[in-house]
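All heavy atoms count here, side chains included; hydrogens, waters and symmetry mates do not.
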Amino acid sequence: FSKEGKYLMGICIGMQLLFEKSDESKDSNGLGLIKGSFQLFNKNNNLPIPHMGFNEVTHNNTPIWNGIKNNSPFYFIFIMIENFEKWLKENAITEVECLVPDLGGIARGKILPTNKFIQGLKNDSHRLPQSIFIQTISGGYATEGDEELPSEVYNPTDIDVILRSDFNTIRVVPWYEDPTAQVICDAVSLNGSPITNSSRYVLKNILQMYDDRGLIPIVSPEVEFYLVKPNSDADYPLEVPIGQSGRQETGKQAFSIDAVNEFDPLFEDLYNYCEVQNIDIDTINHESGSAQMEINFQHGDALELADQVFL
């Protein structure tokens, strides 16, 4: 067929068969229609494996590309459904939380039984309204001003967007009694184009700009927060919590070990939960404000650490 000059197109493993060899099956020979072999990625070269997302595709104007312009954007997707199924079974997971960060980094999403989650992966039916990505920290929406938002940011009909789960982000949720998992999702429109105001896409886009210049940013996030006394009355001012000594902090305690140890049970849980979720925190220290704490993360890949901070 090939020797007669007819066109062939290989998809996934089909493409590998056209070559002479492949690392996936080193003892087998390919068809040898194309000189060369398929080799595994070097896991230390910081390339995303497998590749997911938009890239421009060039072609040589063969008939199969009729009507498709050169350098057209294509969405490459490789959702490892079998990996999801195996992981969920091994961890006896009964529910999955599909998460996306909104503009303020608040987790939005859906909770699904495990079988519904797998079914949604197979038919690409995990959906959320587009307005999720213009929701503000107070629960309002960025459309509430006089100026209209661009249609690619928000469609007034509030159409659905598709959630694409990233297997690299799936984690057990250690603070639930029932076996539950969390997974971070990317979001694309119904035509496959990215949601441009999704914070994870924005970060990926920035990282691509670095990559285009041959640069790899290394980051180390710091998360600062205050501990407060439980308060069920929204009209009542927040107070400093009472520590193990039975007293409240009244002054500045920057880098005080004793001040951190006042809440040792809380931080023991925090370290244990982070270990279960593969969240690589480095140190915890007290900042200058009353019950003001800081968590430092190890240096590393920007997207991986952004996902860890979000989780």
Original post:
Does the side chain of Glu85 reach to within under 4.5 Å of the side chain of Lys89, using non-hydrogen atoms?
Top reply: no
Original post:
Is the backbone of Arg127 close enough, under 3.5 Å, to the side chain of Lys110 for a donor and an acceptor to pair up by distance?
Top reply: yes
Original post:
Is Asp102 reaching over with its side chain to a backbone N or O of Arg108, donor-acceptor style, under 3.5 angstrom?
Top reply: no
**OP:** For residues Arg200 and Phe310, determine if any side-chain heavy atom of one lies less than 4.5 Å from a side-chain heavy atom of the other.
**Re:** no
**OP:** State, to 0.1 Å, how close Ala306 and Leu203 come at their nearest heavy-atom pair, and which atoms those are.
**Re:** CB-CD2, 3.6 Å
Subject >> Matching residue for Phe297 among Val219, Thr283, Val309, Asp282 - test: side chain to side chain contact (heavy atoms under 4.5 Å, CB included) >> reply: Val309
Original post:
Out of curiosity, does Leu311 fall in the hydrophobic cluster containing Phe167 (side-chain heavy atoms, cut-off under 4.5 Å, transitive links)?
Top reply: no
Original post:
Same cluster or not: are Ile184 and Leu163 linked, directly or through other Ile, Leu, Val, Met, Phe, Trp or Tyr residues, by side-chain heavy atoms under 4.5 angstrom apart?
Top reply: no
Subject >> Pair Glu239-Asn231, side-chain contact (heavy atoms from CB on, under 4.5 Å): steps then yes or no >> reply: CA-CA 8 Å; Glu239 293 184 9; Asn231 179 11; over 6 Å; no
Subject >> From OG1 (Thr180) to CG (Asn91), nearest 0.5 Å >> reply: 11.5 Å
**OP:** First locate atom CG of Asp280, then atom CG of Asn296, and finally report the distance between them rounded to the nearest 0.5 Å.
**Re:** 12.0 Å
Subject >> Ala291 backbone acceptor or donor facing Glu249 side chain under 3.5 Å >> reply: yes
**OP:** For residues Ser290 and Gly251, report the shortest heavy-atom separation together with the two atoms involved.
**Re:** OG-O, 3.6 Å
Subject >> Gln292 side chain vs Glu287 backbone, donor-acceptor pair below 3.5 Å >> reply: no
**OP:** Please check if Tyr226 and Ile242 belong to a single hydrophobic cluster, counting links between Ile, Leu, Val, Met, Phe, Trp and Tyr side chain heavy atoms closer than 4.5 Å.
**Re:** no
**OP:** Start with the C-alpha gap between Leu88 and Ile170, add the side-chain angles, then the distance that decides, and say whether side-chain contact (heavy atoms from CB on, under 4.5 Å) holds.
**Re:** CA-CA 10 Å; Leu88 293 168; Ile170 195 165; 4.1 Å; yes
Original post:
Which atoms form the tightest heavy-atom contact between Gly109 and Leu128, and what is the distance?
Top reply: CA-CD1, 3.9 Å
Original post:
Does any non-hydrogen side-chain atom of Leu270 lie less than 4.5 Å from one of Ile281?
Top reply: yes
Original post:
Hey, does Leu103 have a side-chain heavy atom less than 4.5 Å from the side chain of Ile137?
Top reply: no
**OP:** Answer yes or no: are there more than 12 heavy-atom neighbours, outside Lys21 itself, under 6.0 Å from its atom NZ?
**Re:** yes
**OP:** May I have the step-by-step check of side-chain contact (heavy atoms from CB on, under 4.5 Å) for Met293 and Phe267, ending in yes or no?
**Re:** CA-CA 11 Å; Met293 307 295 176; Phe267 292 122; 3.7 Å; yes
**OP:** State the CG-CD1 distance between Asp186 and Ile162, to the nearest 0.5 angstrom.
**Re:** 12.5 Å
Original post:
Should Val96 and Phe84 count as side-chain neighbours, where that means a heavy-atom distance under 4.5 Å?
Top reply: no
Subject >> Under 3.5 Å: donor-acceptor pair, side chain of His286, backbone of Gln253 >> reply: yes
**OP:** Step through the shown structure and confirm whether more than 12 heavy atoms of other residues, nucleotides or ligands are within 6.0 Å of CD1 on Ile218.
**Re:** yes
Original post:
Are Leu305 and Ile284 connected, step by step, through hydrophobic side chains (Ile, Leu, Val, Met, Phe, Trp, Tyr) whose heavy atoms are closer than 4.5 Å?
Top reply: yes
Original post:
Side chains of Ile195 and Tyr201: closer than 4.5 Å at any heavy-atom pair?
Top reply: no
Original post:
Should Val260 and Tyr271 be regarded as members of a common hydrophobic cluster, given that ILVMFWY residues are connected when their side-chain heavy atoms come within less than 4.5 Å of each other, either directly or indirectly?
Top reply: yes
Original post:
Is the backbone of Pro129 close enough, under 3.5 Å, to the side chain of Asp158 for a donor and an acceptor to pair up by distance?
Top reply: no
Original post:
Okay, side chain of Gln182, backbone of Val173: is any donor-acceptor separation there less than 3.5 Å?
Top reply: no
Subject >> Atom pair CG/CG of Leu266 and Leu227 - distance to nearest 0.5 Å >> reply: 6.0 Å
Subject >> Greater than 12 external heavy atoms within 6.0 Å of Tyr210's OH >> reply: no
Subject >> Asp269 and Trp175: CA distance, side-chain angles, deciding distance, side-chain contact (heavy atoms from CB on, under 4.5 Å) verdict >> reply: CA-CA 9 Å; Asp269 284 345; Trp175 51 86; over 6 Å; no
**OP:** For the pair Thr114 (side chain) and Ile93 (backbone), establish whether a donor and an acceptor sit closer than 3.5 Å, ignoring hydrogens and angles.
**Re:** yes
Original post:
Are the side chains of Asn205 and Thr196 in touch, meaning some heavy atoms are under 4.5 Å apart?
Top reply: no
Subject >> For Pro179 against Ala92, the heavy-atom pair lying closest together >> reply: CB-O, 3.1 Å
Subject >> Minimum heavy-atom distance Phe117-Leu112, with the two atoms named >> reply: N-CB, 4.2 Å
**OP:** Could you tell me whether the side chain of Gln277 and the main chain of Val172 form a donor-acceptor pair under 3.5 Å?
**Re:** yes
Subject >> Verdict with supporting geometry, Asn272 and Glu268, side chain to side chain donor-acceptor pair (under 3.5 Å) >> reply: CA-CA 6 Å; Asn272 291 336; Glu268 284 295 326; 4.7 Å; no
Original post:
What are the two closest non-hydrogen atoms of Arg247 and Glu262, and how far apart are they?
Top reply: O-OE1, 4.1 Å
**OP:** Would you mind reporting whether Asp264 and Gln244 have side-chain heavy atoms less than 4.5 Å apart?
**Re:** yes
Original post:
Is the CD atom of Glu275 crowded by more than 12 outside heavy atoms at less than 6.0 Å?
Top reply: no
**OP:** Report yes or no: does Ser138 contribute a side-chain atom to a donor-acceptor pair with the main-chain N or O of Thr136 at less than 3.5 Å?
**Re:** no
